[in-house]
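Read the numbers this way: they start at 1 and go in the same order the structure lists the ligands and their atoms. Since we're looking at a predicted model, the values are computed, not measured. Numbers here simply count residues along the sequence, with the first being 1.
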Amino acid sequence: MTSNDGATLDFRSDTVTRPDETMRRAMASAEVADNVIDVDPTIRALEERAAAVLGMPAALWTPSGTMANLIALSVHLQRGDRFLAPKGAHVLNNELGTAAWLAGGMPEPLEHDAGPGRPTPETLSAAIGARGGPYYALRTTLLCLENTHNAAGGAVTPPHEHAQLLSTARQAGLRVHLDGARIWHAATALGLPPAALTVGVDTVSACFSKGLGAPVGSVVAGSVNFVERARRMRQMLGGGVRQGGILAAAGLVALDRIADLEQDHEKSRRLAAGLVELGWEVNAPETNILLARVADISVTLESLRALGVLALPMAGKVRFITHRDLSLDDIDEALRRIKAGGHP
Ligand SMILES: *Cc1c(COP(=O)(O)O)cnc(C)c1O
């Protein structure tokens with residue numbers, strides 16, 4: 001018997017976490033002002049701190065990571081442009097095509113031939129192709145990287161590969177945006193500060209609501225000039241909030257918790273090892289995301305649900321994500337239930 005007998009164990013995402021007492025107190029007592037008319041001091045404080053953590057000159061708070069990416073792509077792209085992103089990237093598959101129909105860029109996926117989530121510089125080079133071309137040719141102007149790569153199973157791009165991709169993109173005159181929704185997880189896995197993974201990019205987005213426990217909030221960072229343009233774009237998208245310091249206060253607490261992510265990575269390794277023992281086919285998790293190959297995804301998800309274990313389909317597999325609201329005991333409890341329930 002454990003304290004979790006009967007409780008639902010939610011592995012659907014690291015966004016299911018609920019703000020704890022410390023975070024709620026910080027939110028309740030946040031100093032605030034109207035951030036659309038001028039500046040909310042707590043939003044300002046979070047933007048400055050996030051910019052520093054990400055190694056960028058400036059940052060802009062946004063309600064979601066999806067809006068952060070859309071703002072960056074809208075600033076970078078013009079109609080008639082093409083952008084490149086690793087296959088399965090969030091900007092390609094999970095943002096309803098807004099990169100195309102709002103930001104105006106033609107998407108082109110890159111194969112993961114260097115490893116999960118990671119194209120080689122050769123693949124990037126080939127996709128960029130020759131410069132110029134006739135007036136009716138698309139102009140390839142942007143590379144959009146993703147670290148960690150969600151659909152590839154929380155896969156980490158190490159700094160030396162990042163640098164090679166950056167230099168290939170730069171030589172061809174491309175801008176580079178990094179979707180760093182879970183850059184905290186990549187940095188933790190590598191034992192590096194997040195800023196080590198943004199070297200050379202024009203812009204980076206990151207989420208306080210992914211694993212760090214905030215209920216809402218992301219950031220998009222870049223040059224001072226970029227952030228000025230991004231603020232106008234955020235307003236166009238309806239993303240200006242008034243006393244947003246209530247929400248930004250959660251982001252400030254979240255940034256204190258990056259080091260805790262190592263525990264979530266340990267939980268995913270434990271879950272992976274346990275599932276392998278039970279005969280499952282799972283990837284070796286690099287961070288807090290685990291992908292399991294199963295015969296029939298919906299059958300597996302249903303039988304898991306009947307056991308009180310929630311997961312989601314992702315990239316043709318079953319995705320489990322560990323997070324701060326699941327303990328190591330919860331991992332063991334999930335494994336006990338799956339064992340008792342028989343092989344799904
Ligand atoms: C979750 C996620 C986003 C979007 O963040 P939301 O805050 O859910 O809009 C963007 N990119 C990646 C890689 C993600 O995992």
Show the atoms of ligand 1 that are less than 4.0 angstrom away from any heavy atom in [X].
X: N69; result: 10 (C), 11 (N)
X: N150; result: 15 (O)
X: C207; result: 5 (O), 7 (O)
X: E146; result: 13 (C)

Nearest heavy atoms of L261 and L212, plus distance in Å: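 The answer is CD1-CD2, 3.9 Å.
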Lys/Arg-Asp/Glu bridge criterion (N-O < 4.0 Å) met for R170, D202: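 Answer for the salt bridge query: yes.
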T66 contact mode with ligand 1 (heavy-atom cut-off under 4.0 Å): both
Contact partition for T15 relative to ligand 1, non-hydrogen atoms under 4.0 Å: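 No part of T15 is near ligand 1 at this cut-off.
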Plane angle bin for F226 and H76 - parallel if under 30°, tilted between 30 and 60°, otherwise perpendicular: parallel
Parallel, tilted or perpendicular, as decided by the 30° and 60° cut-offs, for the rings of W184 and F208: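 Parallel, since the angle between the ring planes stays under 30°.
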Closest to atom 5 (O) of ligand 1 among S209, S205, S64, G65 (heavy-atom distance): G65
Nearest-neighbour protein heavy atom for atom 11 (N) of ligand 1, which is reported as residue plus atom name and distance: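 Minimum-distance protein heavy atom for atom 11 (N) of ligand 1 reads D179 OD2, 2.6 Å.
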Heavy-atom nearest neighbour in the protein, as seen from atom 3 (C) of ligand 1, with distance rounded to 0.1 Å: K210 NZ, 3.2 Å
Contact (N/O only, under 3.5 Å) between R182 and ligand 1: yes
Any N/O pair T148/ligand 1 closer than 3.5 Å: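 No.
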Partner of R324 by side-chain hydrogen bond (donor to acceptor under 3.5 Å, both in side chains), out of D260, T17, D20, N288: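 Running side-chain hydrogen bond (donor to acceptor under 3.5 Å, both in side chains) over D260, T17, D20, N288 with R324 returns exactly one hit, D260.
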Full working for side chain to side chain contact (heavy atoms under 4.5 Å, CB included) between V220 and S218: CA-CA 7 Å; V220 60; S218 292; over 6 Å; no
Ligand 1 contacted by M67 (non-hydrogen, < 4.0 Å): no
Audit row: K87, L110, side chain to side chain contact (heavy atoms under 4.5 Å, CB included) steps and yes/no: CA-CA 5 Å; K87 224 172 155 180; L110 301 172; over 6 Å; no
D81 and R139: CA distance, side-chain angles, deciding distance, salt bridge (Lys or Arg N to Asp or Glu O under 4.0 Å) verdict: CA-CA 5 Å; D81 285 356; R139 307 279 184 243; over 6 Å; no
